[in-house]
Amino acid sequence: MPTPDLLDPEKEHTLVLIKPDGFKRGLTGEVLRRIERKGYVLKGLKIKKASTELLERHYVEHREKHFFKDLVAYMQSGPLVAVVVEGDRVIEGFRHMMGATNPTVAQPGTIRGDLARDWGTGQIENVVHGSDSIESADREISLWFPELVFEDEKK
Ligand code: DAT
Ligand code: MG
(Lines give C-alpha, C1' and ligand atoms only; values in the text may rest on other atoms or scores of the structure.)
(Ligands and ions follow the chains in the order given, each with its own letter.)
Protein backbone atom coordinates (compact mmCIF):
# COMPACT_ATOMS: atom_id res chain seq x y z
CA MET A 1 0.00 0.00 0.00
CA PRO A 2 1.40 3.43 -0.89
CA THR A 3 1.77 5.72 2.11
CA PRO A 4 -0.60 8.70 1.93
CA ASP A 5 0.80 12.19 2.38
CA LEU A 6 0.62 13.10 6.05
CA LEU A 7 -1.17 16.35 6.90
CA ASP A 8 1.04 19.44 7.28
CA PRO A 9 0.78 20.22 11.02
CA GLU A 10 1.40 23.92 10.27
CA LYS A 11 -1.89 24.15 8.38
CA GLU A 12 -5.43 24.19 9.77
CA HIS A 13 -7.68 21.21 9.08
CA THR A 14 -11.26 20.29 9.93
CA LEU A 15 -13.22 17.06 9.81
CA VAL A 16 -16.36 17.19 7.68
CA LEU A 17 -18.89 14.36 7.61
CA ILE A 18 -21.60 14.07 4.99
CA LYS A 19 -24.01 12.22 7.23
CA PRO A 20 -26.06 9.17 6.11
CA ASP A 21 -29.08 11.32 5.17
CA GLY A 22 -26.91 13.54 2.99
CA PHE A 23 -25.18 10.58 1.33
CA LYS A 24 -28.48 8.74 0.74
CA ARG A 25 -30.04 11.85 -0.80
CA GLY A 26 -27.15 12.25 -3.25
CA LEU A 27 -25.87 15.49 -1.72
CA THR A 28 -22.19 14.51 -1.42
CA GLY A 29 -21.21 16.29 -4.62
CA GLU A 30 -23.15 19.43 -3.68
CA VAL A 31 -21.41 19.67 -0.29
CA LEU A 32 -17.97 19.02 -1.79
CA ARG A 33 -18.69 21.56 -4.55
CA ARG A 34 -19.44 24.25 -1.95
CA ILE A 35 -16.25 23.45 -0.02
CA GLU A 36 -14.11 23.62 -3.17
CA ARG A 37 -15.77 26.76 -4.54
CA LYS A 38 -15.12 28.46 -1.22
CA GLY A 39 -11.44 27.74 -1.88
CA TYR A 40 -10.75 25.08 0.74
CA VAL A 41 -8.75 22.01 -0.21
CA LEU A 42 -9.76 18.35 0.16
CA LYS A 43 -6.98 16.34 1.82
CA GLY A 44 -8.71 13.03 2.62
CA LEU A 45 -11.99 11.40 1.56
CA LYS A 46 -13.66 8.08 2.31
CA ILE A 47 -17.07 6.41 2.23
CA LYS A 48 -17.63 4.40 5.36
CA LYS A 49 -20.24 2.66 7.49
CA ALA A 50 -19.22 3.90 10.94
CA SER A 51 -18.97 1.50 13.89
CA THR A 52 -20.69 2.14 17.22
CA GLU A 53 -17.29 2.48 18.87
CA LEU A 54 -16.09 5.13 16.40
CA LEU A 55 -19.31 7.16 16.76
CA GLU A 56 -19.29 6.94 20.54
CA ARG A 57 -15.75 8.32 20.50
CA HIS A 58 -16.60 10.94 17.88
CA TYR A 59 -19.58 12.26 19.89
CA VAL A 60 -18.03 11.75 23.35
CA GLU A 61 -19.04 15.29 24.40
CA HIS A 62 -22.72 14.27 23.99
CA ARG A 63 -22.45 10.92 25.82
CA GLU A 64 -24.75 11.96 28.66
CA LYS A 65 -27.36 13.72 26.49
CA HIS A 66 -30.87 12.29 26.10
CA PHE A 67 -30.47 12.13 22.31
CA PHE A 68 -27.15 10.26 22.31
CA LYS A 69 -28.45 6.76 21.49
CA ASP A 70 -30.70 8.02 18.68
CA LEU A 71 -27.85 10.15 17.34
CA VAL A 72 -25.53 7.14 17.10
CA ALA A 73 -28.33 5.09 15.44
CA TYR A 74 -28.96 7.85 12.86
CA MET A 75 -25.23 8.08 12.10
CA GLN A 76 -25.27 4.30 11.49
CA SER A 77 -28.37 4.32 9.29
CA GLY A 78 -26.19 4.02 6.18
CA PRO A 79 -22.80 4.88 4.76
CA LEU A 80 -21.42 8.36 5.30
CA VAL A 81 -18.59 10.32 3.73
CA ALA A 82 -15.68 11.54 5.87
CA VAL A 83 -13.52 14.38 4.56
CA VAL A 84 -10.45 16.24 5.81
CA VAL A 85 -10.52 19.84 4.60
CA GLU A 86 -7.60 22.27 4.75
CA GLY A 87 -7.43 26.06 4.78
CA ASP A 88 -6.72 29.12 6.93
CA ARG A 89 -9.53 29.42 9.53
CA VAL A 90 -11.30 26.49 7.86
CA ILE A 91 -12.85 25.29 11.16
CA GLU A 92 -14.69 28.57 11.69
CA GLY A 93 -15.34 29.01 7.96
CA PHE A 94 -16.96 25.62 7.51
CA ARG A 95 -19.06 26.09 10.67
CA HIS A 96 -20.51 29.22 8.99
CA MET A 97 -21.09 27.31 5.77
CA MET A 98 -22.97 24.55 7.69
CA GLY A 99 -25.46 26.81 9.45
CA ALA A 100 -27.36 26.17 12.69
CA THR A 101 -27.81 22.67 14.10
CA ASN A 102 -31.60 22.71 13.65
CA PRO A 103 -32.24 22.76 9.89
CA THR A 104 -35.65 24.42 10.21
CA VAL A 105 -34.02 27.63 11.43
CA ALA A 106 -30.65 27.36 9.68
CA GLN A 107 -30.14 30.42 7.46
CA PRO A 108 -30.86 30.05 3.74
CA GLY A 109 -27.51 30.08 1.95
CA THR A 110 -26.00 27.63 4.43
CA ILE A 111 -25.73 23.91 3.72
CA ARG A 112 -28.29 23.02 6.39
CA GLY A 113 -30.51 25.98 5.50
CA ASP A 114 -30.59 25.02 1.83
CA LEU A 115 -30.40 21.22 1.90
CA ALA A 116 -31.90 19.98 5.18
CA ARG A 117 -35.34 20.04 6.83
CA ASP A 118 -37.41 18.45 9.60
CA TRP A 119 -38.82 15.14 8.35
CA GLY A 120 -41.08 14.59 11.38
CA THR A 121 -38.99 11.68 12.64
CA GLY A 122 -37.98 13.32 15.94
CA GLN A 123 -34.36 13.03 14.84
CA ILE A 124 -32.36 16.06 13.75
CA GLU A 125 -31.14 15.11 10.26
CA ASN A 126 -28.86 17.91 9.19
CA VAL A 127 -26.66 16.51 6.37
CA VAL A 128 -23.25 17.60 7.66
CA HIS A 129 -20.86 17.64 10.60
CA GLY A 130 -17.94 20.02 11.02
CA SER A 131 -15.42 20.15 13.87
CA ASP A 132 -16.04 23.03 16.28
CA SER A 133 -12.49 23.82 17.55
CA ILE A 134 -8.83 23.03 16.88
CA GLU A 135 -8.88 20.48 19.71
CA SER A 136 -11.98 18.71 18.34
CA ALA A 137 -10.60 18.79 14.80
CA ASP A 138 -7.32 17.15 15.88
CA ARG A 139 -9.15 14.51 17.88
CA GLU A 140 -11.72 13.77 15.15
CA ILE A 141 -9.17 13.62 12.32
CA SER A 142 -7.10 11.12 14.35
CA LEU A 143 -10.23 9.00 14.79
CA TRP A 144 -11.43 9.00 11.19
CA PHE A 145 -8.07 9.31 9.35
CA PRO A 146 -5.34 7.78 11.56
CA GLU A 147 -3.34 7.11 8.38
CA LEU A 148 -2.99 10.87 7.72
CA VAL A 149 -1.73 11.84 11.17
CA PHE A 150 1.85 11.75 12.48
CA GLU A 151 2.34 9.04 15.14
CA ASP A 152 3.16 11.57 17.87
CA GLU A 153 0.04 13.62 17.07
CA LYS A 154 -2.42 10.73 17.51
CA LYS A 155 -4.91 11.30 20.28
P1 DAT B 1 -23.55 20.57 15.55
O2 DAT B 1 -23.69 19.34 14.68
O3 DAT B 1 -24.22 21.76 14.94
O4 DAT B 1 -22.15 20.82 16.01
P5 DAT B 1 -24.06 19.52 18.23
O6 DAT B 1 -22.61 19.19 18.31
O7 DAT B 1 -24.66 20.28 19.36
O8 DAT B 1 -24.42 20.28 16.89
O9 DAT B 1 -24.89 18.16 18.12
C10 DAT B 1 -24.39 17.09 17.34
C11 DAT B 1 -25.55 16.44 16.62
O12 DAT B 1 -26.46 15.89 17.58
C13 DAT B 1 -26.38 17.42 15.81
O14 DAT B 1 -25.87 17.62 14.52
C15 DAT B 1 -27.73 16.76 15.81
C16 DAT B 1 -27.80 16.07 17.15
N17 DAT B 1 -28.50 16.88 18.15
C18 DAT B 1 -28.04 18.01 18.76
N19 DAT B 1 -28.93 18.51 19.63
C20 DAT B 1 -29.99 17.66 19.58
C21 DAT B 1 -31.26 17.63 20.23
N22 DAT B 1 -31.62 18.56 21.14
N23 DAT B 1 -32.11 16.62 19.92
C24 DAT B 1 -31.75 15.68 19.01
N25 DAT B 1 -30.58 15.65 18.37
C26 DAT B 1 -29.72 16.62 18.63
MG1 MG C 1 -20.90 19.64 17.25
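Below, all heavy atoms of this structure are taken into account, side chains as well, without hydrogens, waters or symmetry copies. Order of appearance sets the numbers: ligands from 1, and atoms from 1 within every ligand.
- Considering only heavy atoms from C-beta on, V128 stays 4.5 Å or farther from L27 through its side chain.
- For the pair K19 and Y74, the cation-pi test (distance below 6.0 Å, angle within 45°) is failed.
- Checking side-chain atoms of T14 against main-chain N and O of A137 turns up no donor-acceptor pair under 3.5 Å.
- For ligand 1, residues of the protein lying within 4.0 angstrom by heavy-atom distance are K19, Y59, H62, F67, L71, R95, T101, R112, I124, N126.
- E30 has a carboxylate O that lies under 4.0 Å from a charged side-chain N of R33, or vice versa, which qualifies the two as a salt bridge.
- For V127 against A116, the heavy-atom pair with the smallest separation is CG2-CB, 3.9 Å.
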Are K24 and E125 close enough, and set up right, to give a salt bridge (charged side-chain N to carboxylate O under 4.0 Å, His left out), and what steps lead you there? CA-CA 12 Å; K24 208 175 313 173; E125 297 186 30; over 6 Å; no
